[in-house]
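Reading through the structure tokens given below for one structure.
In this text the structure is predicted, and so the values were computed from the model without any measurement. Each chain gets a letter, A, B and so on, in the order its sequence line appears, and its residues count up from 1.
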Amino acid sequence: MDSSAEPLPQVSIETLTDVVEQVGKVLYGKQQSVKLALSCMLARGHLLIEDLPGLGKTTLASALARVTGLEYRRVQFTSDMLPADLTGFSLYDKGSGDFRFQPGPVFCQLLLADEINRSSPKTQSALLEAMEERQVSVDGVSRQLEQPFFVIATQNPFSLAGTFSLPESQLDRFLMRISMGYPEAGDERAILAGEDPRQQMDQLQPVLPAQQLLACQQQAAQVKASDAVLNYVQRLIEATRTDGQFVHGISPRGGMALVQCARAWAFLEGRDYVTPDDVQAVLAPVFGHRLVFRQSGAQASLDLVRDWASGIPVLS
Amino acid sequence: MSANSELSRIQQLWIVIAVLVVCIPIWYWLPLWVPAIACGGLAWRACLLWQGKSSPNRLLMALVALALAMGVIWHYRPPLGVEPMSAILSACAALKFLEMRRLAEGRMLILLCYFLGGVQLIFSQDIGGFVLCLVSIAVTLAAHTNLNRDNEGQYDIHQFRMESLWQMGRLVVISLPLTLLIFVLAPRLPSFTLVPVEVEKARSGISDFMDPGSVTSLGLSGEVAFRVDFEGEVPPPQDRYWRGLVLTQFDGNAWSVPPEARNTRDGERITWNGRNSREDWRDQIELLGDPIRYQIYLEPTHRPWLFALPAARIDEPGLGLTRDNNLVSPVPVAKTFRYGVTSWPEYLHQPEGLSPEQRLQNLRVPPGNSPMSRELVNSWLAQGPPEQVVMRIFQLFNSEFTYTLDTPTYGDSVVDEFLFDGKAGFCEHFASAAAVMLRMAGIPTRVVAGYQGGELHPSQDYLIVHQFNAHAWVEFWLPERGWRRFDPTAAVAPERIEMGFEDFFADQEANNQNPFSFAGMRNMPLMNWVRLQFDSLNYAWLSWVLGYDSQAQFDFLSGLLGEVSPLRITVALAASLLSCWALFRLVNWLRNRLRLGAQQQMMRDYLKLASRRVSVEPGDTLSRVTQKLASNESPARQSWLALGRELEKLLYAGSGDLAECRRLLRNLRRQQA
């Protein structure tokens with residue numbers, strides 16, 4: 001990696017606001033989702049978007065890819081998909097009489113895994129291995145993925161026939177889970193009245209190239225989380241374990257994820273320290289898929305998590 | 001959770017612990033087979049659990065229960081009192097585990113545990129018993145809270161935590177001041193002395209039957225028989241003869257209380273205080289000189305007689321005085337019993353003469369018994385008047401006899417064998433022989449059983465009389481002089497009387513080298529100190545807690561309040577409750593002050609001030625609170641914003657200034673005021 005030799009450039013906060021603004025051009029009124037997705041990237045995590053079709057999941061992913069200038073691939077997951085369709089395979093080359101590795105779509109910088117729950121667990125776990133290890137093993141050879149490497153996976157929570165929902169242990173690999181939701185009436189109107197978003201997409205400029213993104217990640221990781229904030233985070237974690245509403249509490253990894261995301265969010269807000277507001281902003285996306293409500297047996301929806309967290313004292 | 005839901009492993013374990021903690025102090029007093037059956041049941045259940053089987057055959061369980069009931073009936077014989085009932089309850093509590101599965105059964109067992117915790121106090125009321133009872137209640141509470149907890153995820157036994165026990169222990173400790181308040185102020189109910197508790201094991205001390213060896217057997221017991229609190233000077237050891245009961249019937253081997261003397265009917269043999277009696281035995285004693293006043297705290301003996309110095313008068317209603325000048329209680333002493341006594345060291349008892357029946361009884365020796373002794377006495381009588389026989393006996397014992405705990409075994413003719421053969425014995429041998437010889441000389445004589453001496457507590461100024469102080473001596477009657485005491489032991493071993501039993505036998509006993517024996521303890525200064533401290537603790541418990549009856553309460557309250565009236569008691573109650581609450585708040589406040597740093601304290605003050613103006617939810621962050629505070633137009637708006645910024649820096653950016661925050665807060669507080 002020759003890039004690590006030269007110091008990473010400092011990125012100003014204006015650049016980041018610019019990113020959010022640019023993406024906002026194609027996604028009306030989805031500022032919050034854009035910021036969450038961006039902070040997930042800054043925290044070096046993968047993102048799961050759970051929503052109905054047509055709400056802009058793909059648009060968000062490709063817009064992010066464009067403004068960051070990352071190499072972008074999209075894979076539509078299907079039930080007959082095999083791991084090799086994702087990771088690639090070795091092909092016999094008649095000319096050289098040798099096997100040549102044909103890299104799969106996973107060899108990119110930003111992978112959109114559409115409807116991840118449609119594929120078989122085997123394929124899912126191949127992807128999840130790539131996400132966790134940031135490398136792929138094919139025919140006994142491990143191949144490093146490019147840096148940075150993001151996965152944005154989507155899943156449709158409603159038509160569950162013929163799907164393989166991700167087990168909790170695998171959901172944990174995603175740093176955040178968000179859902180876009182319907183746009184507000186005004187934004188809806190703007191979407192209807194405006195031009196085709198696909199054309200607008202072409203106008204997006206890469207304002208945050210990969211090098212700068214890596215620098216941002218590094219800067220975000222250095223954002224200060226004071227004792228007061230860590231105490232609050234601990235109270236939250238403790239509450240998930242003791243208050244009996246959840247089947248099981250948050251793991252230490254989940255707690256770390258919360259702090260990472262809060263740092264990234266604070267960085268996006270232009271601060272070099274975390275406040276409980278940052279924690280609360282990322283709390284629902286980070287904890288939502290890691291908690292299962294005892295009563296309903298379902299994963300905690302974002303609103304439920306927010307409601308629950310409003311009972312945990314911040315200042316004390 | 002319904003009552004039908006299953007108990008988790010952890011809940012079951014908690015109940016087992018509670019039952020064991022509650023029952024073990026009770027089992028201590030019960031025959032060994034009761035805990036054996038109970039623990040057998042527990043082990044059986046453990047085996048079944050281990051093998052993964054459910055509860056055993058119903059028929060088998062019914063048989064076990066039947067065996068238990070039969071055992072209790074066979075052991076105790078009806079009518080069944082408190083002890084057999086406790087045996088049944090405690091054993092059943094343990095056996096219930098064989099079929100315990102549902103929550104409802106667990107709840108029932110917990111209720112039983114609370115009850116058994118109270119039952120413990122029937123058996124032991126000293127401070128140790130009280131502490132054990134508190135511990136039992138705390139453990140039961142802990143088991144109870146676990147029962148009401150959601151039991152999901154509790155099937156793994158490794159999840160067992162002691163936390164709830166500490167919590168409940170704290171709860172019990174916190175409740176103590178309130179308990180004390182209720183104890184001091186609430187009306188005292190008459191104690192349940194009248195519940196006939198017959199505890200076999202608790203029976204200790206001297207009995208109404210004395211055969212050679214019966215006092216000797218008490219010789220090694222360091223248990224406390226009673227404690228005495230003198231109002232004035234403590235009399236010297238040689239005057240501390242604690243009379244317990246008078247044995248007048250001699251069958252040639254053993255001495256006993258004649259059956260007619262056990263008759264406690266009014267006026268026949270006993271004058272009861274507060275009741276009209278045909279004869280007042282008090283009239284037969286002429287009291288001379290200065291009285292000695294003292295309080296006795298008698299440990300449970302489960303027998304009716306009470307101990308006191310000679311010529312004792314007792315004022316407490318319900319107690320009685322026998323013709324032989326002994327004190328008796330109408331019911332066996334089943335719990336530590338306090339009574340005040342006045343005694344006169346100088347007295348004349350029945351100087352006018354004895355009734356023919358009494359005279360006859362005190363002269364009776366089975367015909368043909370101890371021919372050699374009779375010969376000896378006759379030879380003495382030939383040389384002088386009967387009175388000088390006392391002197392002769394004294395000289396005889398003084399010259400050739402040994403006082404020892406290692407007495408030889410004597411055959412049927414004890415007195416002869418002792419006098420002419422063994423020439424060694426313990427107090428009962430000497431007393432018995434002296435009494436027989438005096439009777440042969442025609443002097444009415446009786447044996448008195450009780451205690452002699454006692455250990456003066458070095459710092460607390462009260463006397464501890466141990467079981468090994470048990471003693472037997474003789475009283476003989478002379479015309480115009482009445483009954484006189486004669487202690488033949490004083491002839492053989494005067495040091496025994498002057499120094500006390502413990503010092504006299506210290507050397508003999510130290511040979512055992514057992515550090516846990518009484519002598520062993522006495523020889524180690526630290527152990528002795530601990531023993532004495534513990535005894536004074538128990539003594540304080542006796543005099544302050546167990547002795548706190550309605551009279552003591554009245555005295556205490558009138559000393560405290562001036563007069564005892566409902567108004568004053570109400571005021572005192574309210575004042576103490578208020579001060580309890582204030583103390584609790586103060587302790588909490590101090591703890592918070594000490595625990596919280598200056599910054600946390602400042603945050604607390606900030607929130608307090610803020611919540612006076614706007615509603616602050618727990619989940620509100622600093623920025624949201626500031627927003628709320630600044631949203632309404634007020635002159636303090638700018639100050640709140642400034643404080644919010646400064647606080648954010650302080651708390652989160654690590655660059656703020658605590659002093660500055662405090663200054664802003666103070667200003668705001670002044671503005672608010």
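- Both the backbone and the side chain of B:L622 come within less than 4.5 Å of a heavy atom in chain A.
- When the heavy atoms of residues 610-619 of chain B are compared with those of chain A, the residues falling under 4.5 Å are B:P618, B:G619, listed by number.
- Taking chain A as the reference chain and counting heavy-atom pairs below 4.5 Å, the highest number among B:D620, B:T621, B:L607, B:V625 is found for B:T621.
- Side chain of A:S226 to backbone of B:L651: a donor-acceptor contact under 3.5 angstrom is found.
- With a threshold of 4.5 angstrom between heavy atoms, A:L315 approaches chain B through its backbone and through its side chain.
- With chain B as partner, the option from A:S310, A:A309, A:A225 having the largest number of non-hydrogen pairs under 4.5 angstrom is A:S310.
- In the displayed structure, A:R241 atom CZ is contacted under 6.0 Å by more than 12 heavy atoms of other residues, nucleotides or ligands.
- Sorted by first and then second residue, the salt bridge (charged side-chain N to carboxylate O under 4.0 Å, His left out) pairs with a member in residues 274-289 of chain A read A:R271-A:D278; sequence neighbours excluded.
- Residues A:Y273 and B:Y652 share a closest heavy-atom pair of CB-O, 3.4 Å.
- The parts of A:V229 that come within reach of chain B are both its backbone and its side chain, each placing non-hydrogen atoms under 4.5 angstrom from that chain.
- For A:E188, the CD atom sits in a packed shell: over 12 heavy atoms of surrounding residues, nucleotides or ligands are nearer than 6.0 Å.
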